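Heads up, the thing below is written out as structure tokens.
Not measured: the values here are computed from a predicted model. Residue numbering restarts at 1 for every chain, and letters A, B, ... go by the order of the sequence lines.
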Amino acid sequence: MGHDPWSELRDRAEQELRTIEFELHLTTPGTVSDAPEDRGLFSLATHAWAKELKQSPAEIASRVARHKVGPPFVALRPEGPYANFIMEPGAFAELVLTSVGSLGERYGQSPPRKERILLEHTSANPTGPLHVGRARNPFLGDALVRSLRFVGFPVTSEYLVNDIGRQMVLLYWAVTHLPGKTKDPEERLEYRYVKLYQEASERLEKDEPLKREIEQLTQRFEGGDVRLTKDIRKVGEAILESILDSLRRVNVTFDSFFWESDAILDGSVQRVIERLMPLSKEEDGAHYIDLSSFGLEGDAAKYVFVRKDGTSLYTTRDIAYHLNKMARCDLAINILGEDHKLTFQRLKSAFSLMGIDWAPETIFYAFVNLPEGRMSTRKGRVVHLDDLIDEALDRAYVEVSKRRTDLSEAKKREIAETIGISAVRYNIVRVQAEKAITFRWEEALNFEGNSSPFVQYAHARACSILAKSNGSGRADHRLLVHPQEQRLLRRIAKFPSGLRDAALGRRVHSVAGEASEFAAQFNQFYRDCPVLTAEPESLRDARIDLVSAARIVLQNALECLGLKAPKEM
RNA sequence: GCCCGCGUAGGUUAGUCCGGACAGACUAUCGGGCUUCGGACCCGAAGACCCCGGUUCGAAUCCGGGCGCGGGCGCCA
């Protein structure tokens with residue numbers, strides 16, 4: 001048996017099914033599905049054959065069950081309209097633990113794949129600090145990067161740095177022209193800059209000369225003024241560093257960065273403009289492509305790529321960026337806020353008009369709102385990621401202190417950090433990306449039930465048992481026939497395929513769900529099956545191996561979500 | 001108005017792609033469990049598929065039409 005016991009067993013069941021179809025001369029193909037817990041491994045639903053065989057599903061199930069199944073199955077047991085594949089429990093345990101044993105810490109991984117994935121996520125504009133709404137992006141993105149890697153893909157994570165455009169130019173102007181009000185050395189750069197930016201933004205509304213100055217700066221910028229580009233980029237770099245500091249706190253890092261200004265400087269934006277020109281229409285000196293043949297109407301169909309002053313738009317640079325991306329990977333994935341849906345649809349349509357039959361795969365996530373409504377920096381109605389982290393650390397510290405009076409201060413801080421940060425990430429990532437989230441402190445920092453500490457606690461508990469066990473030399477895995485042991489084994493067996501399906505389906509939330517259910521099952525096993533005191537020794541050692549296998553699954557599930565697996569907490 | 005997404009117990013949600021065994025969990029409520037390998041745990045009670053049609057042996061799941069909520073429809077990013 002190899003890396004994925006469940007899929008291998010399922011293949012065997014499917015072979016049996018084909019034999020059955022042949023024996024009964026069936027023309028309608030049946031399907032093998034997972035049987036409910038405690039009722040065998042897989043099941044055949046017989047309803048679909050009722051018409052063809054002119055028998056009731058229950059009769060067919062009994063008839064099918066007379067088929068002699070081969071190993072590893074020992075029986076096909078009829079239950080109502082179903083026939084369930086039964087495997088001898090001891091043999092199942094042996095098979096699963098042999099599989100875990102041969103892979104060790106790598107259990108759950110799938111064989112390497114060739115397809116190179118370039119996954120772009122976060123890409124927040126370097127004009128201010130990250131808030132929780134946007135933080136859904138790095139959490140989702142990073143977990144997907146880790147999961148895809150774990151199941152065998154070479155993945156590069158990338159951050160698109162938007163150091164171009166009006167916002168950036170205005171910020172640059174604000175930073176170089178406005179005096180900073182506070183000299184508080186504690187205040188982070190990005191917070192100071194964002195205040196200056198807001199001030200400049202307000203002034204811009206009624207200040208005509210300033211408006212012209214910004215326009216001129218933009219033109220110089222785009223005209224390839226290297227010195228100005230570098231100066232503006234310096235401002236962007238400073239804020240980006242600050243954003244990346246926040247992200248490092250939550251264990252998110254990137255493999256590569258793409259600076260939009262590079263696409264201007266190397267001429268690729270200009271080449272995109274030249275390529276689009278023949279396809280474009282003109283209006284007041286501005287150029288756009290008409291996308292009305294792609295199901296878009298009105299302004300949505302008007303894809304402007306050159307302003308009347310000749311400068312490019314985000315649109316144009318986005319095309320340049322994606323052309324560049326296309327050459328660097330076999331599959332591109334973008335994690336985007338749902339406000340980018342139309343933009344993306346237009347990008348795809350434009351590509352199609354250009355004769356390019358390629359587009360990145362996209363994952364759109366819904367916004368994280370506050371109970372009072374949408375987060376808005378302008379209205380001061382935001383929760384910054386750093387504030388959420390700080391609060392999480394504080395609350396986690398309180399919880400740790402309550403339970404662990406025996407630990408040193410440093411150790412308590414360390415544990416509070418693993419728990420607090422993980423809780424924040426887990427609570428965002430456990431929900432499907434397309435569902436809107438309303439941010440509430442008590443939910444964002446949940447430490448029990450379906451939460452990261454719940455999963456981590458199970459891991460720590462397993463570690464604690466293993467630490468006291470002194471190895472397991474005489475294990476007889478065939479003794480693991482207790483229902484709780486079998487349920488746990490079943491979840492262990494399903495882990496590799498479950499994780500692979502989640503990664504291939506880009507459903508990170510189901511990794512979180514499975515981790516939580518796994519932990520719950522481990523706790524039930526823990527309650528019913530003593531490990532260290534089990535008799536005889538061959539059972540005790542078998543249980544130790546089971547705990548070890550469960551521990552590996554918990555650790556790897558946490559790892560895929562970007563969470564730490566503490567040995568104690 | 002048009003386009004996209006979402007709608008499951010009091011609250012938060014899994015299942016929806018690919019239709020099948022009593023819709024699974026967390027939380028809140030009520031009631032239990034420490035002779036502990038770590039109680040951030042476990043057990044029990046009660047509680048849900050937005051509405052109307054259709055397809056099907058069978059629909060939370062597929063199709064059509066509503067209703068409600070979110071997002072979008074910039075020479076912003």
Side-chain angles (χ1 to χ4, degrees), chain A residues 31 33 35-36 39 43 45-48 50-51 56-57 79-82 84 123-125 127 162 164-168 260 283-288 295-302 304-309 311-315 317-318 337-343 345-346 364 366-367 369 374 396 399-400 402-404 419 427 430-432 434-438 440 442-443 446-458 460-469 505 507 509-510 512-514 516-517 519-520 523-524 526-534 543-544 547 568-569:
Chain A
T31 48
S33 56
R39 290 165 123 147
S43 66
T46 59
H47 313 77
K51 197 175 276 180
S56 73
E79 258 187 279
Y82 299 91
N84 297 329
S123 303
N125 294 347
T127 50
N162 232 307
I164 299 270
R166 286 255 167 88
Q167 274 188 37
M168 239 3 256
E260 276 201 8
E283 193 177 275
D284 301 331
H287 290 266
Y288 68 95
L296 298 169
E297 295 185 353
D299 289 346
K302 204 187 265 184
V304 179
F305 63 97
V306 181
R307 288 197 186 96
K308 71 175 167 217
D309 68 1
T311 55
S312 73
L313 287 100
Y314 168 72
T315 315
R317 301 186 296 267
D318 208 27
E338 63 179 343
D339 54 335
H340 279 64
K341 277 182 188 171
L342 175 63
T343 303
Q345 200 191 338
R346 301 207 287 193
F364 293 105
F367 290 119
N369 296 310
R374 192 169 169 180
E399 294 297 320
V400 176
K402 238 193 291 185
R403 297 160 224 257
R404 301 299 301 272
I419 308 284
N427 278 299
R430 57 179 250 264
V431 181
Q432 283 179 23
E434 54 275 15
K435 297 216 184 188
I437 296 180
T438 302
R440 293 187 184 87
E442 63 274 23
E443 281 169 23
N446 177 27
F447 289 170
E448 47 189 31
N450 187 3
S451 72
S452 156
F454 177 78
V455 180
Q456 290 169 316
Y457 186 75
R461 195 175 235 179
C463 287
S464 170
I465 295 173
L466 293 172
K468 290 175 185 159
S469 71
R507 291 189 315 267
H509 71 274
S510 64
E514 281 175 33
S516 171
E517 283 175 17
N523 287 333
Q524 286 168 43
Y526 171 87
R527 178 200 57 202
D528 291 346
C529 304
V531 177
L532 299 177
T533 56
R543 284 186 175 163
I544 287 167
V547 170
E568 63 173 323
M569 60 187 269

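With both ends at atom P, the span from B/A23 to B/A46 equals 14 Å, rounded to whole Å. Across B/U8 and B/C76, the matching P atoms stand 39 Å from one another, rounded to whole Å. Atom C1' of B/U27 sits at a distance of 29 Å from the matching atom of B/C37, rounded to the whole Å.
Nearest-nucleotide assignment on RNA chain B puts the 5′-proximal partner with A/Phe454, out of A/Val304 and A/Phe454.
Atom NZ in A/Lys468 sits about 7 Å away from atom P in B/C37, given to the nearest Å. When the C1' atom of B/C3 is taken as reference, atom NE2 of A/His340 falls 17 Å away, rounded to whole Å. Separating the CG atom of A/Asp339 from the P atom of B/G74 is a distance of 14 Å, rounded to the nearest angstrom. Residue A/Gln524 contributes atom CD, which lies 17 Å from atom C1' of B/C37 at whole-angstrom precision. When rounded to the nearest whole Å, the span between CG of A/Asn125 and P of B/A77 equals 9 Å. Atom P of nucleotide B/A77 and atom CZ of A/Arg317 are separated by 5 Å, given to the nearest angstrom. Between the P atom of B/C3 and the CG atom of A/Leu296 lies a distance of 11 Å, rounded to the nearest Å. For the pair A/Gln345 CD and B/C73 C1', the interatomic distance rounds to 11 Å; values are reported in whole Å.
As judged by a 4.0 angstrom heavy-atom cut-off over every strand, A/Cys529 is placed among the base-contacting residues. If you check every strand for non-hydrogen atoms under 4.0 Å, A/Glu283 touches a base.
For A/Ala520, taking side-chain heavy atoms from C-beta onward, the closest of the listed nucleotides B/C6, B/A14, B/C42 is B/C42. The listed nucleotides are B/C75, B/U12, B/G38; the one nearest the side chain of A/Arg440 is B/U12. Picking from B/C43, B/G74, B/G5 the nucleotide with the shortest atom distance to the side chain of A/Lys341 gives B/G5. Picking from B/A14, B/C41, B/C37 the nucleotide with the shortest atom distance to the side chain of A/Val531 gives B/C37. The nucleotide whose nearest atom lies closest to any side-chain atom of A/Gln432 is, among B/G15, B/A21, B/A77, B/G15. For A/Tyr457, whose side chain is taken as the heavy atoms from C-beta onward, the closest listed nucleotide among B/G38, B/G71, B/C42 is B/G38. Here the side chain of A/Asn523 is nearest to one of B/C37, B/C41, B/A40, namely B/C41. Each of B/G74, B/G15, B/C37 was ranked by its minimum atom distance to the side chain of A/Asp299; first place goes to B/G74. Residue A/Glu338 places its side chain closer to B/G71 than to any other of B/G38, B/G71, B/G5. In this structure, the nucleotide among B/C76, B/G38, B/G71 sitting nearest to the side chain of A/Met569 is B/G38.
Shown here, B/U35 forms no base pair; nothing in the strands shown gives a Watson-Crick or G-U wobble contact with both key distances under 3.5 Å. Across all strands shown, the partner of B/C2 is B/G72, judged by Watson-Crick or G-U wobble contacts whose two distances both fall under 3.5 Å. The partner of B/C30, taking Watson-Crick or G-U wobble pairs whose two distances both stay under 3.5 Å, is B/G44.
The main-chain N or O of A/Ile544 is never found under 3.5 Å from a side-chain atom of A/Ser469 such that the two would form a donor-acceptor pair.
What you find for A/Arg543 and A/Cys529 is that their closest heavy atoms are CZ-CB, 3.6 Å. Considering all non-hydrogen atoms of both residues, A/Thr127 and A/Met168 come closest at CG2-SD, 4.0 Å.
Between A/Lys302 and A/Glu283, at least one side-chain nitrogen of the basic residue sits less than 4.0 Å from a carboxylate oxygen of the acidic one, meeting the salt-bridge criterion.
Listed pair A/Lys435 / B/A14 meets the phosphate criterion, a side-chain N or O lying under 4.0 Å from OP1 or OP2. OP1 or OP2 of B/C37 has not a single side-chain nitrogen or oxygen of A/Thr533 nearer than 4.0 Å. Checking the phosphate oxygens (OP1, OP2) of B/A40, a side-chain nitrogen or oxygen of A/Arg403 falls inside 4.0 Å. Remark: A/Arg307 is in phosphate contact with B/C76, judged by side-chain N or O atoms under 4.0 Å from OP1 or OP2.
A side-chain N or O of A/Asp309 and one of A/Thr311 form a donor-acceptor pair less than 3.5 Å apart.
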N/O-N/O pairs, protein side and nucleotides 54-63 of chain B side, under 3.5 Å:
{"unit_1": "B/C57", "atom_1": "OP1", "unit_2": "A/Lys51", "atom_2": "NZ", "d": "3.1"}

Find every protein N or O atom lying less than 3.5 Å from an N or O atom of nucleotides 26-33 of chain B, and list the pairs.
{"unit_1": "B/C26", "atom_1": "O2'", "unit_2": "A/Asn450", "atom_2": "N", "d": "3.4"}

Please lay out, stage by stage, how A/Asn162 and A/Arg317 fare under the test side chain to side chain donor-acceptor pair (under 3.5 Å). CA-CA 10 Å; A/Asn162 232 307; A/Arg317 301 186 296 267; 4.6 Å; no
